J.: 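Attaching a single structure in structure tokens format; questions to follow.
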Amino acid sequence: MALFKKVIRTMLEHKARYMGSMLLLMISSMMFITMNMTSMNLDNMFKKFSGQNVLSDAEFSTAAAIDTAAFGRQFAAKVEVGSTADCQVKSGQTLRVFSAMSVVNIPAVQEGKLPGSSEIMLDRPFAETNGYRIGDQITVAGRKFTVSGYALLPNFIYVIKSKEEMMNNPSTFGIAVVGREDLETLPGRNRVYAIRFDDRENIKAQEASVKNALRSQGIRITSWQSTVRKVNVSYVPMEIDVLSTMSAAVPFAMLALACVLLGMLMWRTIKSETVIIGTFYAQGYRRRQLVLHYLTFPLFISITGSVLGSAFGLLLVSSELRLMLTAFPMPVYETLLNPWLVLLAVTLPVVVLCGVTWCITGRTLKTAPAVLMKGGEARGKVNFIERSLRLDRLGFNTRFKIREQVRSLSRTFFLIFGVIVATMLMLYGLTMKSSVDYMLREGISELYDFKFEYVFTSAKTGMPPAGTEQFNAAYVSLVDNEDISFYVTGVLPATKMVRLKDASGQPFQPDQTTITATLAQKLNVKAGDSVTVFDTENGKKHTFVIEKMADTYAGDFLFLPLDRFNAEFGYPADAYLGIWGREAMTFAQGEIQSTKSIDTIVAGLGKMIDQMGPMIYGLIAAAFLLGLIIIYIVTGLVVDESRTSISLMKVFGYRKKEIGRLVLDSNTLIVVLGYLIGIPALLGTAGAFFGSLTENLQVVLPVKLSALYMLFGFIIVMATYEFAKWMCRKKVARIPMSEALKAGTE
């Protein structure tokens, strides 16, 4: 009981240190539980939705009709034909209407019922944003429907019009489901086949077999969309992967901080209590009892912090899930709670922190009791770093500050590590914003000098409409790696719509085979190398020798002169598949396959950044709190360990400001160094994350952090440091002059 009272008394005496450790553990456990539970539930929902509603492995269109029943038997797959149409509801408001399917891509009913004759199901965000309730009337492409319910589609979970828009705007775009007969009455409908293989292994190879079989039968594939590359579906597993990665990286970084902090605190506590430990030995306490006594500190902190953090994390899971389901609407079959995750979140900090303390305590208690009662082993040993530094040439103030750091390497390491983590946390959102800004400014805006892109359903010849410029394109995949796909684009050698520049910033015309820098990096090629690809539409192989490289982040493209492209891909010399223009145009029904608006792309990316605002501010606030805890604890340790020196300074007549500059400012260089190391560490981890975006979503984001954001981050870190120093000034003021006399007496 006496030893337990000492634990409470010690923790209350230095409550800031132990409360900081507890808070770090609480945040770590909370994030671990929340992120893991959320990703686990999202993964479960996605798998169940995909399985129960038969998510297709691919969707494709062909120039001629196919027998779905025979096709399904041939490839051991479920095949169903459906239709889709983009229809106008109001000016600037589009609904993508799907026919209700019963074999593949079966719609789920979130509320209401499946549509009957002249009935329609809407996605809930579109309905609620635009004021449509179940039973209301809605006019779609001039025809009235009754809203029968809210639909969820397994092949359209993330509701965006195209991958260029990035973020959904339910006020202008939504999805709907109607009966097959009703869809046949809507204009602009497209026939789409959906296929799901019974064998769930080697999906890519089975897709290739289907495409080869269609081509061998003389059936032309007009479009092919693998589900794994469809942004309306692939966003969900990508988000699950991101959450899973972050649920491992961020909480364990926090746990590492807490381990270093508590280990450092216990080392200093034991070192400062060597006389007390020796006295305990003399009074008959055994080594085992003393080890258990000092294990009480990490045990109490780790259990309290991890249990509170786990409880808060469990409370936040439902809120986090609701937030994720607003972006990725799926049926909620059940909410999973994994007790093993909770057990891990509680026991891991206990095991790690108690293990660290056990090692530190055991090492100290190996010292003979007689030596401990005299104050322990000789202190003030000069380590190899201090011996290698020639400090005699420096002034007293500089020597004092340097010695404060090199004589406590564990404290210095902890401060650097903490500032690095806080820097990465704070600048992460700003790096994404800076990267998107750079892509918009240096990529899209620099590369494209047009506003609209129109792709026709079939190739045309002759002169394009006035004020436009023709191009041709083919979607290809690497022969060696089908997962890497990109566009080969044929452009006019003297194009005015596409502006290319080399690495030195000099503009040039695409009169040779030109590859963008991002694609060259992905393929690991340079000028003079060759690339062999196959056309995903007909399977024919093509080999291109790279002649130039364009420094642009607007996408993965291989540019060819238009005449060379047409000759390579078997088109007439003056053929083109699409046009670029600076003005919006209208075309006959069924003439246009797709439309792209550069302004819409820019607006979508801008909206994504705007919606990131709360996350960015939250990360900055979290980084400020984390940095404040770490810097305050380390600065407090400096003050406590320099009590005798501070007391002597007061005896010698040093003023408060002079003492503050010597003691409190001794960590300034370490804080600055930690911030400078944190920037490249952040850019490296952000590069890995952006690389996953490129692979999953075909979005090429350069890793950029503007100087303005770096300066802003530095100001925040230094402001945190100054605030922590201000909080520690009271501790310096409370140290009496008699402290030096007591030390001399001891």
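If you're wondering where the values come from, they're calculated on a predicted model, not measured in any experiment. Positions are given from 1, in the same order as the sequence printed here.
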J.: What's the spacing between Lys47 NZ and Leu42 CG if we round to 0.5 Å?
T.: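 If I round to the nearest 0.5 Å, the distance is 12.0 Å.
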J.: To the nearest 0.5 Å, what is the distance between CD (Glu583) and CZ (Phe452)?
T.: 7.5 Å
J.: For Met40, is there any backbone N or O sitting under 3.5 Å from a side-chain donor or acceptor partner on Asn44?
T.: no
J.: Run the ring-ring contact (aromatic ring centres under 6.0 Å, His included) check on His542 and Phe569 step by step: do they pass?
T.: CA-CA 8 Å; His542 304 272; Phe569 286 89; 4.2 Å; yes
J.: Take Ile195 and Ser56 through the test side-chain contact (heavy atoms from CB on, under 4.5 Å) and record every step on the way to the result.
T.: CA-CA 5 Å; Ile195 184 170; Ser56 60; 5.8 Å; no
J.: To the closest 0.5 Å, what do you measure between NZ (Lys78) and CZ (Phe197)?
T.: 12.0 Å
J.: For Phe49 and Pro329, work out which heavy atoms get closest and say how close.
T.: CE2-O, 4.5 Å
J.: Would you say that Leu558 contacts Phe486 through its side chain, given a criterion of any heavy-atom pair below 4.5 Å between the two side chains?
T.: yes
J.: Between Asn105 and Glu59, does any side-chain donor sit less than 3.5 Å from a side-chain acceptor?
T.: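 Side chains of Asn105 and Glu59: pair found under 3.5 Å.
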J.: Dump the intermediate steps for side chain to side chain donor-acceptor pair (under 3.5 Å) on Glu469 and Trp580, then the final yes or no.
T.: CA-CA 5 Å; Glu469 187 175 287; Trp580 293 316; over 6 Å; no
J.: Tell me whether Thr495 contacts the main-chain N or O of Val491 through its side chain, where contact means a donor paired with an acceptor under 3.5 Å.
T.: no
J.: Are a donor atom and an acceptor atom from the side chains of Thr146 and Gln137 found within less than 3.5 Å of each other?
T.: yes
J.: Does Asp199 offer a backbone N or O that forms a donor-acceptor pair with the side chain of Gln206 under 3.5 Å?
T.: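 Side chain of Gln206 to backbone of Asp199, a donor-acceptor pair under 3.5 Å: yes, one is there.
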J.: Between Thr543 and Thr532, is there a side-chain donor-acceptor contact under 3.5 Å, judged purely by atom types and distance?
T.: yes
J.: If only side-chain N and O atoms count, and only distance matters, is there a donor-acceptor pair under 3.5 Å linking Asn232 with Asn155?
T.: no
J.: When rounded to the nearest 0.5 angstrom, what is the spacing between NZ in Lys548 and CG in Leu500?
T.: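 Going from the NZ atom of Lys548 to the CG atom of Leu500 covers 9.0 Å.
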J.: Tell me if the NZ atom of Lys460 is crowded by more than 12 foreign heavy atoms within 6.0 Å.
T.: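 Counting other residues, nucleotides and ligands, NZ of Lys460 exceeds 12 neighbours.
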J.: Is any NZ, NE, NH1 or NH2 atom of the basic residue among Asp535 and Lys541 found under 4.0 Å from an Asp or Glu carboxylate oxygen of the other?
T.: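 So Asp535 does not pair with Lys541 through a salt bridge.
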J.: Please determine, by modelled atom types, if Glu181 and Ser117 share a side-chain donor-acceptor pair under 3.5 angstrom.
T.: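 Short answer, no.
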J.: Can you tell me how the ring of Phe71 sits relative to the ring of Phe75, calling it parallel under 30°, perpendicular over 60° and tilted otherwise?
T.: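 The arrangement is tilted - the two ring planes meet at 30° to 60°.
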J.: With the side chain counted from C-beta on, respond yes when Ile120 and Val140 share a heavy-atom pair under 4.5 Å apart, and no when they do not.
T.: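 In short, these two side chains touch, coming nearer than 4.5 Å.
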J.: For the side chain to side chain contact (heavy atoms under 4.5 Å, CB included) test, which of Val488, Ile515, Thr516 pairs with Phe559?
T.: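 Of all the options given, the one that passes is Thr516.
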J.: Would you say the ring centers of Phe98 and Phe156 fall short of 6.0 Å from each other?
T.: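 Yes - the distance between ring centres of Phe98 and Phe156 falls below the 6.0 Å cut-off.
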J.: Which pair of non-hydrogen atoms, one from Met549 and one from Ala520, has the smallest distance, and what is that distance?
T.: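 For Met549 and Ala520, the tightest heavy-atom pair comes out as CE-CB, 3.4 Å.
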J.: Please report the closest heavy-atom contact between Ala64 and Ile219, naming both atoms and the distance.
T.: O-CG2, 4.2 Å
J.: Quick check: closest heavy atoms across Gln93 and Asn130, and the distance to 0.1 Å?
T.: NE2-OD1, 2.7 Å
J.: Only one of Ile157, Val233, Val159 forms a side chain to side chain contact (heavy atoms under 4.5 Å, CB included) with Phe328, so which one is it?
T.: Ile157
J.: Would you mind checking if Glu80 and Arg196 are paired as a salt bridge, meaning a charged N to carboxylate O distance below 4.0 Å?
T.: no
J.: So Leu122 and Ile138, do their side chains get closer than 4.5 Å, heavy atoms only?
T.: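 Yes, close enough: below the 4.5 Å cut-off.
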J.: Look at the aromatic rings of Tyr193 and Phe60 and report parallel, tilted or perpendicular, splitting at 30° and 60°.
T.: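 The arrangement is parallel - the two ring planes meet at less than 30°.
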J.: Check the side chains of Arg189 and Thr84 for a donor-acceptor pair under 3.5 angstrom, ignoring hydrogens and angles.
T.: no
J.: Among Ser102, Pro107, Ser148, which residue satisfies the side chain to side chain contact (heavy atoms under 4.5 Å, CB included) criterion with Leu114?
T.: Pro107
J.: Are the side chains of Met101 and Ile106 in touch, meaning some heavy atoms are under 4.5 Å apart?
T.: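 With C-beta onward as the side chain, the pair stays apart.
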J.: Quick one: closest heavy-atom pair of Met497 and Gly581, and the distance?
T.: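 Here Met497 and Gly581 meet closest at CE-CA, 4.3 Å.
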J.: Once rounded to the nearest 0.5 Å, what's the spacing between atom OG1 of Thr94 and atom CD1 of Ile175?
T.: 13.5 Å
J.: Quiz question: by atom type and distance under 3.5 Å, do the side chains of Ser118 and Arg143 form a donor-acceptor pair?
T.: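 Indeed, the side chains of Ser118 and Arg143 share at least one donor-acceptor pair under 3.5 Å.
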J.: Is it true that the side chains of Thr513 and Arg564 contain a donor and an acceptor less than 3.5 Å apart?
T.: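 Yes, a side-chain donor-acceptor pair sits under 3.5 Å.
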J.: Any side-chain heavy atom of Leu325 sitting closer than 4.5 Å to one from Met330?
T.: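 They are in side-chain contact.
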J.: When you look at Leu321 and Met45, which way does the side-chain contact (heavy atoms from CB on, under 4.5 Å) test go after all the steps?
T.: CA-CA 11 Å; Leu321 268 177; Met45 291 175 190; 4.1 Å; yes
J.: I want to check something: taking the side chain as every heavy atom from C-beta on, are Arg180 and Ser99 in contact at a cut-off of under 4.5 Å?
T.: yes
J.: Just how far is it from atom CG of Leu562 to atom OH of Tyr576, taken to the nearest 0.5 Å?
T.: 10.5 Å
J.: What pair of heavy atoms forms the shortest contact from Ala141 to Cys87, and how long is it?
T.: CB-CB, 3.9 Å
J.: For salt bridge (Lys or Arg N to Asp or Glu O under 4.0 Å), just list the numbers for Asp86 and Arg96, CA-CA rounded to whole Å, side-chain angles, deciding distance to a tenth of an Å, and then say yes or no.
T.: CA-CA 4 Å; Asp86 280 4; Arg96 183 160 296 169; 2.8 Å; yes
J.: Quick one, Leu95 with Phe145, criterion side-chain contact (heavy atoms from CB on, under 4.5 Å). Give me CA distance, side-chain angles, the key distance, then yes/no.
T.: CA-CA 13 Å; Leu95 265 182; Phe145 290 90; over 6 Å; no
J.: What I'd like to find out is whether the side chain of Met585 reaches to under 4.5 Å of the side chain of Pro465, using heavy atoms alone.
T.: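 A side-chain contact under 4.5 Å exists here.
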J.: Is the shortest side-chain N to carboxylate O distance from Glu128 to Arg133 below 4.0 Å?
T.: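 No salt bridge links Glu128 with Arg133.
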J.: Counting only heavy atoms not in Lys113, do more than 12 sit closer than 6.0 Å to its NZ atom?
T.: yes
J.: Counting only heavy atoms not in Asp198, do more than 12 fall under 6.0 Å of its CG?
T.: yes
J.: With a 6.0 Å cut-off (strictly less than), is the heavy-atom count around CD of Glu201, excluding the residue itself, greater than 12?
T.: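 Counting neighbours around CD of Glu201, 12 or fewer heavy atoms of other residues, nucleotides or ligands fall under 6.0 Å, so no.
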J.: Give a yes or no answer on whether the side chain of Thr514 reaches the backbone of Pro510 with a donor-acceptor pair at less than 3.5 Å.
T.: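 Such a contact is absent between Thr514 side chain and Pro510 backbone.
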J.: Check the pair Phe534 / Ser477 against side-chain contact (heavy atoms from CB on, under 4.5 Å), numbers first and verdict last.
T.: CA-CA 6 Å; Phe534 67 90; Ser477 295; 3.7 Å; yes
J.: Indicate yes or no: at least one non-hydrogen side-chain atom of Ser50 is less than 4.5 angstrom from one of Pro154.
T.: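 The answer is no, as the side chains (C-beta and beyond) never meet within the 4.5 Å cut-off.
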